[in-house]
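Working notes, structure below.
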Amino acid sequence: MIALKDILYKVTLNAVVGSTSIDINTIDFDSRNIKKSDVFVAIRGSIVDGHDYVDTAIKNGAIAIICEVIPNSFVDDVTYIEVDDSSKALAIMASNYYDTPSENLKLVGVTGTNGKTTVASLLYQLFKNAGYKVGLLSTVKIMVDNTEYKATHTTPDSLTINKYLSKMNNAGVEFCFMEVSSHGIHQNRTKGLHFEGGIFTNLSHDHLDYHKTFAEYRDVKKSFFDELSSKSFALSNIDDKNGLVMLQNTKAKKYTYALKNYADYKSQILENQFGGLLLKINDSEVWTRLIGNFNAYNVLAIYATAELLGLEKVEILRLVSDLESVSGRFQYLISDEKITAIVDYAHTPDALKNVLETINSIRTKNEELITVVGCGGDRDKTKRPKMGHIATALSTKVIFTSDNPRSENPETILEEIGAGVEPQNFKKALTIADRKQAIKAACQMAQPNDIILIAGKGHETYQEIKGERFDFDDYKIVQEFLKQLQK
């Protein structure tokens, strides 16, 4: 048990009804999880308002209510606390409840449209290979040193973040690398955390269903750097036009990286092939098994971060050369028929363009590039025609298919993607709504030396249709169909 007043440290209180000297059990923002002596935090979500469930929480045993509007009537022996923003209060309370675990390790946040998972996951891999105990909070998984937990969001809720950071403290973890999404920043999930550093990868068209405008999306990302302390570092990709914007108001020590512009950390691509990249980073050459221009940026960010965290340059170069690609990020296989299949998470116009341009820069142009791609339902619709345009402009053949249609009609999504195809590219494109059949068709179309790109879902092992999740793994499915061709 812990005193309510102790977990309210640094929370701005507008009004208090009852006592804060009471002992509480735990905190939750889901009334269904509340038990005797728990604190219920009423959060206003985009779909559900927690204030509607205050009575339910009290019936389930809540001893204290944190809310933005105190109810008109009170229940005896229940403390009511009014705050300006419940989500922000929850984040600070969660950190206090778990004894500020982020201060007991070096936590680095990675934000940007593309590259978050790759950078965070490869930093985890690099520091593990360097002999440290390391944590990871990513889209793909959560790692507490060697123990893996399933991830449900890019940036988990603040209670979950602090719970796992606390586990990391108990396991003796020294470094933790964390994806920081725009949703997570906007919903205050990272408030109350102490970051050793922040990394900005890039900014492109995404999440405008949530943020409404690109400027709002950019400013939410920027707010993460605005809140870093003077003891932290801020590392930004200044080849992106928003790279310097991220650094404008930060109190953190500023560092830059780039391939095209002068920067603190500069890289040059010397060789680019399906086997990997030969890079010159500052004055040193390094070979990496990662592929493509976008991974040159990722490797540079990883190198810079490792140096800023105190690793020796020679050791970093050795560790970079040992890095292995992340699941669903330019993950490829070559069949016995010499057909190359690439599975990538590219689900934004910019990411799809990067992957296709990378493939085109490596291939000889004597082979076909067959792209299988779709767009998620209930998400930003404005990117759909852009995805259709990019896929057909940069591929020799394209199959438009379902991604995660969610509650939307797949045919409607496919029509909106197809609207972006220019007349000269009409003959390149066909539509197969069933994703498994689309992948099968791509495999049947492919001849020896051809390349198949399956974009959009990457590491995901499910497909979401009408509120249900069905097992679906792009990599396993293409592997299976290519094996069948060999028989």
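No experiment lies behind these values; they were computed from the predicted model shown. Quick note: residue numbers are just sequence positions, from 1.
With hydrogens and angles left out, the side-chain atoms of S402 and Q463 include no donor and acceptor closer than 3.5 Å. A donor atom on one side chain and an acceptor atom on the other are found under 3.5 Å apart for S232 and S229. The closest side-chain donor-acceptor pair between T113 and Y217 falls under 3.5 angstrom. With 3.5 Å as the limit, one finds no donor-acceptor pair spanning the side chains of K221 and S182. With no hydrogens or angles considered, no side-chain donor-acceptor pair links T358 and N293 at under 3.5 Å.
The shortest heavy-atom contact between V326 and S121 is CG2-CB, 3.7 Å. Across I452 and A446, no two heavy atoms sit closer than the pair CD1-CB, 3.9 Å. The nearest pair of heavy atoms linking A442 to V372 is CB-CG2, 3.7 Å. Considering all non-hydrogen atoms of both residues, I413 and C375 come closest at CG2-O, 3.5 Å. Heavy atoms only, all atoms of each residue included: S102 and L165 are closest at CB-CD1, 4.0 Å.
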Decide salt bridge (Lys or Arg N to Asp or Glu O under 4.0 Å) for K483 and D336; before the verdict, give the C-alpha distance in whole Å, the side-chain angles of both, and the deciding distance to 0.1 Å. CA-CA 8 Å; K483 273 184 184 172; D336 289 350; over 6 Å; no
Checking S325 against R289 for the side-chain hydrogen bond (donor to acceptor under 3.5 Å, both in side chains) test, could you report, in this order, the C-alpha distance in whole Å, the side-chain angles of both residues, the deciding distance, and whether it holds? CA-CA 7 Å; S325 63; R289 281 174 275 184; over 6 Å; no
I would like to know whether Y462 and F470 meet ring-ring contact (aromatic ring centres under 6.0 Å, His included); could you show each step before the answer? CA-CA 5 Å; Y462 63 86; F470 301 90; over 10 Å; no
For the pair T348 and D350, evaluate side-chain hydrogen bond (donor to acceptor under 3.5 Å, both in side chains) and give the outcome as yes or no after the intermediate values. CA-CA 5 Å; T348 66; D350 194 53; 5.8 Å; no
Would T139 and E179 count as a side-chain hydrogen bond (donor to acceptor under 3.5 Å, both in side chains) here? Give the steps. CA-CA 7 Å; T139 303; E179 287 187 55; 2.8 Å; yes
For F127 and F175: C-alpha separation, side-chain torsions, deciding distance, then whether ring-ring contact (aromatic ring centres under 6.0 Å, His included) applies. CA-CA 8 Å; F127 276 77; F175 299 92; 4.7 Å; yes
Show your reasoning for whether side-chain hydrogen bond (donor to acceptor under 3.5 Å, both in side chains) applies to S223 and D226. CA-CA 5 Å; S223 70; D226 292 349; 5.9 Å; no
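Remark: the backbone N or O of E367 is not paired with any side-chain donor or acceptor of N449 at under 3.5 angstrom. At distances below 3.5 Å, at least one donor-acceptor pair connects side-chain atoms of H347 with backbone N or O atoms of Y345. N202 places a side-chain N or O within donor-acceptor distance of the main-chain N or O of N114, the cut-off being under 3.5 Å. Distance alone, capped at 3.5 Å, is enough to place a donor-acceptor pair between the K116 side chain and the G112 backbone. The backbone N or O of L247 lies less than 3.5 Å from no partner atom in the side chain of T250, so there is not a single donor-acceptor pair. Side-chain N or O atoms of T401 include one that pairs as donor or acceptor with a backbone N or O of I432 at under 3.5 Å. Side-chain atoms of D434 come within 3.5 Å of backbone N or O of Q437 as a donor-acceptor pair. The backbone N or O of E216 sits nowhere less than 3.5 Å from a side-chain atom of D219 that would complete a donor-acceptor pair. Put simply, the side chain of D157 gets close to the backbone of T160: a donor and an acceptor are under 3.5 Å apart. Of the possible polar contacts, none joining the N298 side chain to the T118 backbone as a donor-acceptor pair under 3.5 Å is found.
Annotation: side chain of Y475 is not in contact with side chain of I454 (no heavy-atom distance under 4.5 Å). Inter-residue side-chain proximity for T190 and S158 is flagged as unmet; no heavy-atom pair is nearer than 4.5 Å. Looking only at side-chain heavy atoms (C-beta outward), K280 and K266 stay at 4.5 Å or farther from each other. Side-chain contact check for D403 versus K457: some heavy-atom pair is nearer than 4.5 Å. Inter-residue side-chain proximity for D471 and T461 is flagged as unmet; no heavy-atom pair is nearer than 4.5 Å. When side chains are defined from C-beta on, R406 counts as touching R379, because their heavy atoms get closer than 4.5 Å. Q248 has its side chain out of reach of L244: every pair of non-hydrogen atoms, C-beta onward, lies at least 4.5 Å apart. Side-chain contact between V286 and L277 is absent, with no heavy-atom pair separated by less than 4.5 Å.
In summary, K88 and D84 do not engage in a salt bridge, as defined by a charged side-chain N under 4.0 Å from a carboxylate O. Contact check on K251 versus E227 returns no salt bridge, with no Lys/Arg side-chain nitrogen under 4.0 Å from an Asp/Glu carboxylate oxygen. Ion pairing between E464 and R469 holds under the 4.0 Å rule for side-chain N and carboxylate O.
For the atom pair C176 SG and D145 CG, the distance stands at 11.5 Å (nearest 0.5 Å). One distance of note links CD of E411 with CD of E416; it measures 12.0 Å at 0.5 Å rounding. To the nearest 0.5 Å, atoms CG (L323) and CD1 (I302) are separated by 6.0 Å. Separating the CD1 atom in I199 from the OG1 atom in T305 is a distance of 3.0 Å, to the nearest 0.5 Å. Between the CG atom in D264 and the CG atom in L308 there is a gap of 8.5 Å [rounded to 0.5 Å]. Interatomic distance, D239 CG to N242 CG, rounded to the nearest 0.5 Å: 12.5 Å.
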Pair up each side-chain donor or acceptor in residues 388-398 with any protein partner under 3.5 Å, not counting sequence neighbours, and list the distances.
| unit_1 | atom_1 | unit_2 | atom_2 | d |
| --- | --- | --- | --- | --- |
| T392 | OG1 | G388 | O | 2.8 |
| T392 | OG1 | H389 | O | 3.2 |
| S395 | OG | T371 | OG1 | 2.7 |
| S395 | OG | A391 | O | 2.7 |
| T396 | OG1 | E368 | OE1 | 2.8 |
| T396 | OG1 | L369 | N | 2.7 |
| T396 | OG1 | L369 | O | 3.0 |

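Remark: E68 engages R44, H51, D85, S86 in a side-chain contact (heavy atoms from CB on, under 4.5 Å) (not counting sequence neighbours).
Applying the salt bridge (Lys or Arg N to Asp or Glu O under 4.0 Å) test to pairs two or more places apart or on separate chains, those with a residue in residues 472-482 are R435-D474.
Between Y265 and Y303, the ring planes lie perpendicular to each other; the angle is over 60°, past the 30° to 60° tilted range. Ring geometry for F294 versus F330: interplanar angle of 30 to 60°, hence tilted.
Counting non-hydrogen atoms of neighbouring residues, nucleotides and ligands closer than 6.0 angstrom, the NZ atom of K353 reaches no more than 12 such neighbours. Summarising the local packing, NZ of K365 is surrounded by more than 12 heavy atoms from other residues, nucleotides or ligands at distances under 6.0 Å.
Separation of the F224 and F195 ring centroids falls under the 6.0 Å cut-off.
Remark: of the listed residues V355, L352, N354, V355 is the sole one forming a side-chain contact (heavy atoms from CB on, under 4.5 Å) with D344.
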